[in-house]
Amino acid sequence: MTSRLMPEHLLARIRVVLSRPSHPGNIGAAARAMKTMGLSRLYLVNPLRFPDPEADVRATGAVDVLQQATVCATLDEALGGTIYAAAISARQRDLGPPPCHAREGIADLLTEAAKGEVALVFGNETVGLSNEEVQRCQAAVSIPTNPGFSSLNLGSAVQVLCYEARLAAYSGQRLPAQRGVTPSSSRAATLEEVEGFYGHLEETMITTGFHDPAKPKRLMPKLRRLFGRTRLEIDEVNILRGVLAALRDGSRRT
Ligand code: SAH
């Protein structure tokens, strides 16, 4: 069920995930960027240095966001319990979720935030997000920039996205109740539930001989992209997994 949430409650459902940040100063800047816009849930995946005095200095009045930050070993851990994640990346990927610009990406993110926990995933300062990390997400969001110089500082990128989130949350223009969304028949599936389905699907495709694990090529990324476009509900995941189980049992009988 979509419900009409207060803007501050929508913002409180957004996690800012920094994957492998190398500079503690940027972690502090991200915390400050978040707090100025009313966000508070910072997740750090394998930070090179954290906690660190440099992060505290750059956070200034937002040290509380740093103190409450969750440090994780993997991106999957940081996305645990979320129903939707947007990869924030300047680079267009050949494979991966459909690309969009920040304003549009934030509108979709807030629509999802009405149903559950969501995440904005930012990459490392030097190498950005890996293709695998981007494929974990359901949207690929870029900040429109000068094409000749498109890479923002990590803290600045966090600021832009948090600003857009605040504007959108308070504008009331695309809040779910006004968007004519059909009420869901069941709750949105969590990332773990969708990943469980992908694992089951891959295993079935291997057992049936449709998929050769030695030559995976583009099959799984393409299927992830397909299912990532439809916002899967838990009932739908269960139906799909039921079909896969029935196929396995059926092939055993013949
Ligand atoms: N050299 C890296 C850029 C890293 S900048 C690369 O090629 O990907 C650190 C992070 O800031 C990026 O991973 C991304 O999350 C964010 N970022 C910087 N500029 C951005 C832009 N124009 N659009 C979206 N995200 C951007």
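For ligands, and for the atoms within them, numbers begin at 1 and follow the listed sequence. Since the model is a prediction, treat every value here as computed from it, not as a measurement. These numbers come from the heavy atoms of this one structure, side chains and all, not from hydrogens, waters or symmetry mates.
Nearest to atom 12 (C) of ligand 1 by heavy atom, out of G123, A140, S151, is G123.
Not one N or O on the side chain of R49 forms a donor-acceptor pair closer than 3.5 Å with the backbone of H23. Within the 3.5 Å criterion, the main-chain N or O of D235 finds a donor-acceptor partner in the side chain of S186. A donor-acceptor contact shorter than 3.5 Å links the side chain of N124 to the backbone of R20. Using modelled atom types, no side-chain atom of K35 and backbone atom of V65 make a donor-acceptor pair closer than 3.5 Å. In this structure, the side chain of Q159 does not engage the main chain of G155 through any donor-acceptor pair within 3.5 Å. Using modelled atom types, no side-chain atom of E117 and backbone atom of I14 make a donor-acceptor pair closer than 3.5 Å.
The protein non-hydrogen atom at the shortest distance from atom 19 (N) of ligand 1 is L152 N, 2.9 Å. If you check which protein heavy atom lies closest to atom 14 (C) of ligand 1, you get I88 O, 3.1 Å. With respect to atom 22 (N) of ligand 1, the closest heavy atom belonging to the protein is S150 O, 2.8 Å. In terms of protein heavy-atom proximity, atom 20 (C) of ligand 1 is closest to A90 CB, 3.7 Å.
For ligand 1 and R91, the ligand atoms under 4.0 Å from any heavy atom of the residue are 6 (C), 7 (O), 8 (O). Using a 4.0 Å cut-off to heavy atoms of S89, the atoms of ligand 1 that qualify are 23 (N), 24 (C), 25 (N). Counting the atoms of ligand 1 from 1 in the order shown, those under 4.0 Å from a heavy atom of A157 are 11 (O), 16 (C), 17 (N). Contact atoms of ligand 1 toward S142: 23 (N), 24 (C) (distance under 4.0 Å to a heavy atom of the residue). With ligand atoms numbered from 1 in the order given, ligand 1 contributes 15 (O) to contacts under 4.0 Å with heavy atoms of F122. Residue contact check: N124 has heavy atoms under 4.0 Å from atoms 4 (C), 9 (C) of ligand 1. The ligand atoms of ligand 1 that sit less than 4.0 angstrom from a heavy atom of T126 are 1 (N), 2 (C). Counting atoms of ligand 1 from 1 in the listed order, those under 4.0 Å from a heavy atom of T145 are 22 (N).
The aromatic rings of F197 and F227 sit perpendicular to each other, their planes meeting at more than 60°, with 30° as the lower class boundary.
At a heavy-atom cutoff of 4.0 Å, ligand 1 is contacted by no atom of S156, backbone or side chain. The backbone and the side chain of I143 each have at least one atom closer than 4.0 Å to an atom of ligand 1 (non-hydrogen atoms only).
Atom CD of Q138 sits about 10.5 Å away from atom CG of L109, to the nearest 0.5 Å.
The cluster map of Ile, Leu, Val, Met, Phe, Trp and Tyr, joined by side-chain heavy atoms under 4.5 Å apart, puts V16 and L44 in the same cluster.
Taking the side chain as every heavy atom from C-beta outward, P97 and R225 never approach each other to under 4.5 Å.
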